[in-house]
Each structure stands twice: as structure tokens, then as C-alpha cells.
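Here the structure comes first, spelled out in C-alpha cells, and everything after it is commentary.
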Amino acid sequence: LNVNTMQNNTKIMELKKNLPLGSITELKNRTGLVKQTINNILSGKPGRLNNVIKVVQESEKILKEFKDCTENNNEQKN
């Protein structure tokens, strides 16, 4: 059980490292959670399951949107 928890925490903290600047505020707006809760979850601290799921899902959406946007910008420049 602890190994899975540690792996999940590592994945969540990895997610935080990849988020672009301003993502915490965007997560706050999308999830309705306060910044402290979001920061705690992204730092690997325990949180309510529904909050963790919201933060992880929205973080993944933000990363995808950011990736799509930056890839489109690079294609337009070339």
C-alpha cells in the first residue's frame, strides 16, 4: 500500500514540476479549491480523494492545453 502511495505522490509532484507559470491560479478557478489545498495536493500531501482527482485531472488538461498551444506556435513560426 505504501509503495503505491509513494508512486502516486511522485507522479503528482512530477505533474507540478511540468505545470506552466500561473497554473495554480488556473487550477483554483477551475476546481473551486483554495490555493493552499492545491499546493498541498501537488506537494504530495494527503487530501480528500475527490479534491485530489479534481486537481490531477485539471492539471493534466492544463498541461495538454499548454502543449497544444506551444506546439501550434512552433508550427506557425516554421
Side-chain angles (χ1 to χ4, degrees):
L1 185 74
N2 285 344
V3 173
N4 284 340
T5 303
M6 287 175 58
Q7 286 175 339
N8 288 340
N9 286 349
T10 303
K11 287 178 187 174
I12 291 171
M13 290 188 295
E14 223 20 69
L15 195 58
K16 181 180 182 180
K17 285 182 195 174
N18 294 319
L19 288 171
L21 191 64
S23 294
I24 302 298
T25 301
E26 184 61 25
L27 283 168
K28 176 184 172 289
N29 295 336
R30 292 185 185 198
T31 63
L33 300 172
V34 296
K35 287 183 179 183
Q36 189 60 51
T37 300
I38 294 166
N39 276 319
N40 286 345
I41 290 169
L42 291 175
S43 297
K45 294 181 182 172
R48 291 193 178 118
L49 181 61
N50 62 329
N51 290 345
V52 174
I53 290 170
K54 278 186 204 176
V55 170
V56 170
Q57 286 177 339
E58 290 303 323
S59 295
E60 288 173 343
K61 287 180 191 174
I62 289 171
L63 280 174
K64 184 182 181 324
E65 290 166 15
F66 183 71
K67 182 181 174 189
D68 290 348
C69 179
T70 54
E71 284 177 358
N72 287 340
N73 283 344
N74 287 339
E75 286 172 10
Q76 290 173 359
K77 289 178 184 175
N78 292 336

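For this chain, numbers begin at 1 and follow the sequence in order.
Judged as a side chain to side chain donor-acceptor pair (under 3.5 Å), and not counting sequence neighbours, the contacts of D68 are K64.
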Could you list the donor-acceptor pairs under 3.5 angstrom formed by side chains in residues 12-21, with sequence neighbours left out?
| residue | atom | partner | partner atom | Å |
| --- | --- | --- | --- | --- |
| N18 | ND2 | E14 | O | 3.1 |

May I have the list of side-chain donor-acceptor pairs in residues 50-59 shorter than 3.5 Å, sequence neighbours left out?
| residue | atom | partner | partner atom | Å |
| --- | --- | --- | --- | --- |
| E58 | OE1 | R30 | NH1 | 3.4 |
| E58 | OE2 | K61 | NZ | 3.1 |
| S59 | OG | V55 | O | 2.7 |

When the side chains of residues 34-48 are checked against the rest of the protein, which donor-acceptor pairs come out under 3.5 Å, sequence neighbours left out?
| residue | atom | partner | partner atom | Å |
| --- | --- | --- | --- | --- |
| K35 | NZ | T25 | OG1 | 3.3 |
| Q36 | NE2 | N40 | OD1 | 3.0 |
| N39 | ND2 | K35 | O | 3.4 |
| N40 | ND2 | Q36 | O | 3.4 |
| S43 | OG | N39 | O | 2.7 |

